[in-house]
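Notes follow once the structure below has been shown.
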Amino acid sequence: MAKTSAAGRIAELRRTVDYHNHRYFVVDDPEISDAEYDLLLRELQELEAEHPELQTPDSPTQRVGATPVDAFQPVRHPVALLSLANAFDLDELTAWHARTSKLLEGEPFGMVCELKIDGLAVAITYEDGMLVTGATRGDGETGENVTQNLRTVRSIPLSTPPGQSPRRFEVRGEVYMPRSGFERMNRQRAEAGQPLFANPRNAAAGALRQLDPKSTASRPLDIFVYSLGWSDDAMPGNHWDTLKRLADLGFKLNPHNRLCGAVEEVEDYFREWVEKREELDYGIDGVVIKVNSFELQARLGEVGRDPRWAIAYKFPATQAVTRLLDIRVNVGRTGSLNPYAILEPVNVGGVTVKMATLHNEDDIRRKDLRVGDWVVVERAGEVIPQVVEPVLDRRTGKEKKFTMPRRCPVCKTKVVRLPGEAMHYCVNTSCPAQLIQLLKHFVGRGMMDIDGLGESLALAFIEAGLVRDVADLYDLTVEQLQGLERMGEKSSRNVIDAIAASKSRPLDRLIFALGIRHVGGETAKLLAEAFPSLDALSKAEAEELAEVPGVGPKIAESIAAYFGEERNRRVIERLKQRGVDPRHEVRATEGPQPLAGLSFVITGKLDSMSRQAAEETVRSLGGTPQGNVTKKTSYAVVGAGAGSKLQKAQQLGIPLLTERQFLEMAGRE
DNA sequence: CTGCCTCGAGTTCG
DNA sequence: CTCGAGGCAG
């Protein structure tokens, strides 16, 4: 190929590759396939190899070309990267807004809201349309030169459109690692036996500090540019328009930036993202609010190192450190001894945490938790707090190791731990602790569903000696209840009525309500299908029970053992005498079954119905609702605030449905 | 025996 | 929601 035509083709290829690179990595909307892109890139590489004199540093082939360095050189920032003052609640935000209004003498001002990305701040300088330097934030004054590594981040342009950008300018942004990429990378590292990164932020920091740019290039880094650091040409007079200019120049901006007029809109923005943060493929730890006009920013100035024209509004921390005051033990319905932590009250994610479950003795030992330790408590996304780990640096040596009590804390019976099992059990079936838990279970939703009978009333029944087993409930009278604390005639009457109404619960609910070990709602349904009455079930031998699909030897043995106990037989007998003896009814399947053979996972909050109702809908139309995403899942229905299940579904490539699509499928729309 | 998948049990705060 | 454990297919 003649030299001139080669030069022409190279220029054309660079434009085309740059364009598709931008579509793929910045706009996130590719126009051509990966294979087509690779072909173009390869052609460019070959031509450049044939004509080395035509090579330029901004060519898309030159992202990873540099040789490893020994150390990073310091880079002084011409304009310091400022830190931001933090606001932690709405009051502080309101106060900031009021202060700013006052300083501006009541002049109205627009604000730009941005997500505060959990990554690393960088400053990237361009000269004559070419990327020349990339540096970390460092202390704000001086950072490290990581140009070669930043060049490998595909969403950072190596050059900007000629003639449109200032001769020299600096953009600032946050380099981060997407969660999906982080997980993929950690999986690979695990397979390769390499140490894992604790979180995407550490992984991104590690990637940026690789001395060999080839290592950086293999990590899934990305960037959101959030401001112009400085420029030697005129740029727009406010932040919002500047961001738009930067997007035009090919920089990747966060799509959720928003221009707001009133402080209420800012609060809405914040509240919106507290809720939706889990939906993003990257971590955010708050929102940043900036006064839009540069002129007003200049008038507001700075105090110390913090600009007065911007504030970072932090999300409530999802982790906190507090003191583990004590480890106590509860007795569950099955007799299991459940250790839990008493914590020095601490605010985690906006609520005060005083207690957290510790699961079992092994778990405590694995984490090496000791009474008196300072511990990290987490409440990330989920509602339930967890004790994550002890803070070993703060140990004094006075902490005490925990051992499971040898006797039941309630009835003092010796506890048993079967070989191979994680839990300790109190085997005394008439232990009062178990009775209260069993009673609570019996009356609960999904079982006998007795309205108005909660834990405190159940406890009162037991303490007053009115109830010794679940059958006693059906002998209670209005007069007896009125004798109890805080029980008037009306509420007593309601409770008695609710107890009477529970006699007509279906058989499977009653089986579930009995609280037989290993028998939950699902297994109870299977049993009710196979044995049409309580009588039939109680007479079944273990072998017969194990015939039921879904019931194996363990469950069968547990059921047989339950009905083998004299005490339980008496309770069953008395329940029957009191009219609690439902028969399994074979419900004819009716209506169309458009979802037959399909399985659904409902995740997040739906607008038009509860999750239970949605699961019931699936079942009634012939489908199977699932609790967890597996590769056999046909669809995941995604509501608001979906979390780990959504992630899993995406990983496995399970088709996702919006609530609307789901309703259409179910023929409810 | 191993590796799914499913089910059961316990769970915090307001 | 998470862990542990049971059931079952390969």
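So you know, we letter chains A, B, ... as the sequences are listed, proteins then strands, and number each from 1. Just so it is clear, the model here is predicted, and its values are computed rather than measured.
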Side-chain N or O of [X] closer than 4.0 Å to phosphate OP1/OP2 of [N]:
X        : N      : value
A:Thr334 : B:dG10 : yes
A:Arg517 : B:dG8  : no
A:Ser336 : B:dG10 : yes
A:Asn330 : B:dG10 : no
A:Thr523 : B:dG8  : yes

State which residues pass salt bridge (Lys or Arg N to Asp or Glu O under 4.0 Å) with A:Lys116; sequence neighbours excluded, sorted by chain then number.
A:Asp285

Short question: side chain of [X], backbone of [Y] - any donor-acceptor pair under 3.5 Å?
X        : Y        : answer
A:Asp363 : A:Asn360 : no
A:Thr322 : A:Val346 : no
A:Gln661 : A:Thr658 : yes

Any N/O pairs under 3.5 Å between the protein and nucleotides 8-10 of chain C? List them or say none.
unit_1: C:dC8; atom_1: OP1; unit_2: A:Gly550; atom_2: N; d: 2.6

Which residues share a ring pair (Phe, Tyr, Trp, His ring centres under 6.0 Å) with A:Phe531, sequence neighbours left out
none

A:His441: what forms a ring pair (Phe, Tyr, Trp, His ring centres under 6.0 Å) with it, not counting sequence neighbours?
A:Phe512

Judged by nearest nucleotide, the residue sitting upstream toward the 5' end of DNA chain B, A:Arg333 or A:Tyr340, is A:Arg333

Which comes earlier along DNA chain B counting from the 5' end, the contact point of A:Met355 or that of A:Glu522, where each point is its nearest nucleotide?
A:Glu522

Strictly below 4.0 Å, heavy-atom distances to any atom of DNA chain C: list the hits from residues 433-454 of chain A, or just say none.
none

Ring-face cation contact, A:Tyr425 with A:Arg517, 6.0 Å cut, 45° max
yes

Hits for side chain to side chain donor-acceptor pair (under 3.5 Å) against A:Lys525, two or more places apart or cross-chain, chain-then-number order -> none

Scan A:His359 against the nucleic acid and name what it touches under 4.0 Å (heavy atoms): base, sugar-phosphate only, or nothing.
nothing

